[in-house]
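In what follows, residues are counted from 1 in the order of the sequence shown. Order of appearance sets the numbers: ligands from 1, and atoms from 1 within every ligand.
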Amino acid sequence: MWSFKIPLLALAPLASAFRLPYSRFTARDYVNGETLASAYDFVIAGGGTAGLSLASLLSANSNFTVLVIESGDIGPDQISTSLRCAFHDLPTHVYLDTPAYTYFKSLFHSSYDYAYDTVPQPSAGGRNVYWPRGKVLGGSSAINGMYLIRPNEIEVDAWHDMISSQPNADQWSWDSLFATMKDSEAFTPPTDAAVQTAGMQWNSASHGTSGTVHHTYPAYMVPLTRHWLPTLEAAGITLNPDAYGGKTTGGFFALSAINPSNWTRSYAKPAYIDPLPPRSNLHILVNTTVTRIVFNSSSSGLQATAVEFSTGRNSATQSVQVGKEVIVSGGSVNSPQILQLSGVGPSDVLAAAGIETQLDLPGVGTHLQDHISAGVWFKSNEDTQGNIYNSGSNISNTPEFLSFINSGTAYVNATTLFGVDGATTMLQTIRDNMTSFAGTTGTGSNNAQVIEGFKAIYNTTGEKFFSSEVGLVELLFSINVPGQVAVQAAIQHPFSQGRVYINTNSAFDPPLIDPQYFSHWADVVTMREGLKLARQIAQTPPLSTALGSEVTPGPSVVTDDDWDNWLKNNGGTEFHPTSTCAMLPMDQGGVVDNKMKVYGTLNVRVVDASIFPFSFAAHTTAPLYGVVQKAAEVIQNDYAPTTGGNNGTPDNNVNSPGGSTSQGNGANKASNVLVSVWVLGLVSLVLAILF
Ligand SMILES: Cc1cc2nc3c(=O)[nH]c(=O)nc-3n(C[C@H](O)[C@H](O)[C@H](O)COP(=O)(O)OP(=O)(O)OC[C@H]3O[C@@H](n4cnc5c(N)ncnc54)[C@H](O)[C@@H]3O)c2cc1C
Ligand SMILES: *[C@@H]1O[C@H](CO)[C@@H](O)[C@H](O)[C@H]1NC(C)=O
Ligand SMILES: *[C@@H]1O[C@H](CO)[C@@H](O)[C@H](O)[C@H]1NC(C)=O
Ligand SMILES: *[C@@H]1O[C@H](CO)[C@@H](O)[C@H](O)[C@H]1NC(C)=O
Ligand SMILES: *[C@@H]1O[C@H](CO)[C@@H](O)[C@H](O)[C@H]1NC(C)=O
Ligand SMILES: *[C@@H]1O[C@H](CO)[C@@H](O)[C@H](O)[C@H]1NC(C)=O
Ligand SMILES: *[C@@H]1O[C@H](CO)[C@@H](O)[C@H](O)[C@H]1NC(C)=O
Ligand SMILES: *[C@@H]1O[C@H](CO)[C@@H](O)[C@H](O)[C@H]1NC(C)=O
Ligand SMILES: *[C@@H]1O[C@H](CO)[C@@H](O)[C@H](O)[C@H]1NC(C)=O
């Protein structure tokens, strides 16, 4: 026995890495071209963060048949992927599931990343800025930084106010979204070890425990984290002991989407799909791209009758019939693309791309907002996570250590950034400048309705966020790089708005992304003051005692001009694009109404991060999971009103052709095929372990 001990131990990580995907290989939900039914009640375009989660919630009603069509692959469950990678490094699922590998084995530019680039940004050094987006079941939640942060209640109530002209607008108020964000949440307090190191605080009353998206802190906190909260306090930034109940200003450690039972990433797929029992009414079709929604036009609006899809640019187009609705969940880049390819969007854009207009909806793709981020970097005198990872020390390969990801956070408001007088003066100039920015340059559209929406967002940003406690800059404590530490600053409420638009008629061509970074001067000023504050924090003890000299941008950047020049050439995306299918009144270039229904259609909704009317001072997934829970309620209520429902009748007269004829059979066939693959995989697994 003893002679086997060393080799067995050496193989143990490999073995456990292999065991996991097979136990999670829930084949039943996946279909291919042969096992697909001819029609489904709900066809969801995009199996990402929102689309996949919504599919789970809708298919809980066994009366609904649901099909998810996802461009990317299944992801970690895939045997072929696991085996392919195992022979050179680790199975792909380990990259994706292990929090620390977000940095050390990044999936950027992998097959799970669209790896978009923006068009050249004239006010950001003329650069094409890299924009990763998840292309795999679970979407961007499978490749993101796992921060779970909720917006401030002032922001969510401002969203409500922007659409309060419509009935039942209260569903988008803070109280309502707070409740559904908690519904999505499975909160676990931090470990004692984590609290001892980092000193995080929390208030259990602000959290939910019955949901499926795990919200917790890493098991292990890198010792450097002990400096974050005391340094913020010493720099005059108040600490926030309860950042999840609607007040987000100040410093705290953010929750991360980590499952504490095995310290793995909790994203849309393990949270909403993997734990489900077999459901014959839920089908998932991967490696397949939605190319178009097919409409039938009637006097009351466009009715989606079918969805077309294809596995590649040169492959045949197939289609499924739509019984009830199409739900577009392609994310902020691809949802406007899908609508535009279907003839729903600004008619000039459609004409230029050779698409026949079905519905001239000028707002589709506009009002794009994003957070821009950059960091001030210092040499570290203490070990960072990267140093420990590379050291090969006895903790560096444990699941607890590998659960560490950055989470030191602070939101700072206008008066902290600009001073009381500075904030007042700046807001007045921002007001004075609204009209001059609300033209083609500022909005990316000369459509009068889109311009009204630009103004509504601009005005809300100025009047409600620049004059309140709401964070305008987010500071993040970044300690994963070997030898260096950063305090990063990211603007949260940009005045610059851009757009996403197609320039060909193919779903296999990337749409053009133009965020118009820094096209409004206030974004430059906010970013600059945020970066100055980041530098100042790093120069404040106790953190300053752990740091050496400034590496980036370095001591030569001193004046406002120096900063502006540097940040325009170095600011990148914080990965939070929103608002390209904004929930706004139609006469403000809105794309969806307050039930997420696309204006002018009878049965198409958008459910994803593109519907937020403006950017929040938060990361996107926590509010998005709340939106998904809300969407499921709204849709369920439209078709199967409960006693609490409003009027007892569905809000449209779309008939269900009961389109699930071959469904049960299809699902069974699919599982037979996949079970044989499973057995084959098991055999290979044994071989892999032996050799
Ligand atoms: C690198 C990175 C880091 C991030 N860090 C964080 C973070 O730490 N915390 C946080 O809260 N947020 C973070 N975000 C943002 C957050 O992950 C996204 O805003 C959110 O996941 C978007 O969800 P979604 O449902 O709108 O879109 P996605 O999750 O991107 O889903 C869209 C899905 O649609 C599919 N699709 C697109 N077009 C088609 C088509 N034509 N046919 C079929 N399928 C299609 C895509 O493949 C994808 O799976 C990060 C994002 C990235 C990319
Ligand atoms: C982690 O544990 C959960 C159960 O809590 C399980 O569903 C999931 O598949 C596990 N993840 C991995 C990668 O083992
Ligand atoms: C499913 O439909 C049946 C028959 O219309 C109805 O009685 C039942 O309540 C529905 N179930 C749900 C969960 O809505
Ligand atoms: C998806 O496509 C990839 C690349 O062609 C392939 O390796 C993988 O097996 C496909 N997945 C499924 C479920 O067919
Ligand atoms: C399209 O609508 C017309 C009535 O406007 C109807 O007769 C026809 O059946 C519809 N076609 C489809 C495919 O639903
Ligand atoms: C790692 O080694 C140190 C001493 O070098 C010891 O104190 C610690 O308990 C060890 N930790 C683990 C997880 O083995
Ligand atoms: C912004 O407003 C100020 C006056 O407050 C004015 O001097 C400046 O020219 C305006 N800038 C733009 C771009 O409109
Ligand atoms: C701007 O916002 C304020 C505060 O919400 C509101 O009172 C005002 O009517 C808005 N003005 C415009 C032009 O939208
Ligand atoms: C901004 O934040 C500071 C520090 O947290 C606080 O004292 C101040 O009141 C806030 N400003 C506003 C306008 O709320």
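- Geometrically, ligand 8 and Glu463 share no nitrogen or oxygen pair separated by less than 3.5 Å.
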Give a table of atom pairs where an N or O of ligand 3 lies under 3.5 Å from a protein N or O.
from: ligand 3; atom 1: 2 (O); to: Asn63; atom 2: OD1; distance (Å): 3.4
from: ligand 3; atom 1: 2 (O); to: Asn63; atom 2: ND2; distance (Å): 2.2
from: ligand 3; atom 1: 11 (N); to: Asn63; atom 2: ND2; distance (Å): 3.0
from: ligand 3; atom 1: 14 (O); to: Asn61; atom 2: ND2; distance (Å): 3.4

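- With sequence neighbours excluded, the residues that form a ring pair (Phe, Tyr, Trp, His ring centres under 6.0 Å) with His619 are Tyr147, His576.
- Distance CG/Asp183 to CD/Gln629: 5.5 Å, rounded to 0.5 Å.
- Taking CG of Leu476 as the reference point, atom OG of Ser407 lies at 9.5 Å (rounded to 0.5 Å).
- Checked by atom type and distance alone, the side chain of Arg431 never pairs as donor or acceptor with a backbone atom of Gly462 at under 3.5 Å.
- In Lys455, neither the side chain nor the backbone holds a heavy atom less than 4.0 Å from any atom of ligand 8.
- An N or O contact shorter than 3.5 Å is missing between Thr249 and ligand 9 by distance.
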Scan the side chains in residues 518-526 for donor-acceptor partners under 3.5 Å anywhere in the protein, sequence neighbours excluded, and list what turns up.
from: Ser519; atom 1: OG; to: Ser496; atom 2: OG; distance (Å): 3.4
from: Ser519; atom 1: OG; to: Gln516; atom 2: O; distance (Å): 2.9
from: His520; atom 1: ND1; to: Ala522; atom 2: N; distance (Å): 3.0
from: His520; atom 1: NE2; to: Tyr458; atom 2: OH; distance (Å): 3.0
from: Trp521; atom 1: NE1; to: Asn433; atom 2: OD1; distance (Å): 2.7
from: Asp523; atom 1: OD1; to: Phe495; atom 2: N; distance (Å): 2.8
from: Asp523; atom 1: OD2; to: Phe495; atom 2: N; distance (Å): 3.3
from: Asp523; atom 1: OD2; to: Ser496; atom 2: N; distance (Å): 3.0
from: Asp523; atom 1: OD2; to: Ser496; atom 2: OG; distance (Å): 2.6
from: Thr526; atom 1: OG1; to: Ala522; atom 2: O; distance (Å): 2.7

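- Residue contacts with ligand 9 for Ser468 involve N, CA, C or O but no side-chain atom from C-beta outward (heavy atoms, distance under 4.0 Å).
- Here is the list of ligand 9 atoms found below 4.0 Å of a heavy atom in Thr416: 1 (C), 2 (O), 3 (C).
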(request) Evaluate the salt bridge (Lys or Arg N to Asp or Glu O under 4.0 Å) criterion for residues Lys532 and Glu529: first the C-alpha distance (whole Å), next the side-chain angles of each, then the deciding distance (0.1 Å), finally the verdict. (result) CA-CA 5 Å; Lys532 285 186 190 167; Glu529 295 308 317; 3.1 Å; yes

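- Salt-bridge formation is not detected for the pair Lys324/Asp638: no Lys NZ or Arg NE/NH1/NH2 atom is positioned less than 4.0 Å from an Asp or Glu carboxylate oxygen.
- When atom types are taken as modelled, the side chain of Thr231 and the backbone of Leu543 share a donor-acceptor pair closer than 3.5 angstrom.
- For the atom pair CZ (Phe477) and CD (Gln488), the distance works out to 11.0 Å, reported to the nearest 0.5 Å.
- In summary, the atoms of ligand 8 found under 4.0 Å from a heavy atom of Lys464, numbered by their order in the structure, are 5 (O).
- Checking only distances, Ser467 never comes within under 3.5 Å of ligand 9, N or O to N or O.
- Taking every heavy atom of Asn459 and a limit of under 4.0 angstrom, the matching atoms of ligand 8 come to 1 (C), 2 (O), 3 (C), 8 (C), 10 (C), 11 (N), 12 (C), 14 (O).
- Annotation for ligand 9: atoms under 4.0 Å from non-hydrogen atoms of Glu469 are 12 (C), 14 (O).
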Can you give each donor-acceptor pair under 3.5 Å made by side-chain atoms of residues 578-592, sequence neighbours left out, with the distance rounded to 0.1 Å?
from: Ser579; atom 1: OG; to: Phe612; atom 2: O; distance (Å): 2.6
from: Thr580; atom 1: OG1; to: Ser332; atom 2: O; distance (Å): 2.8

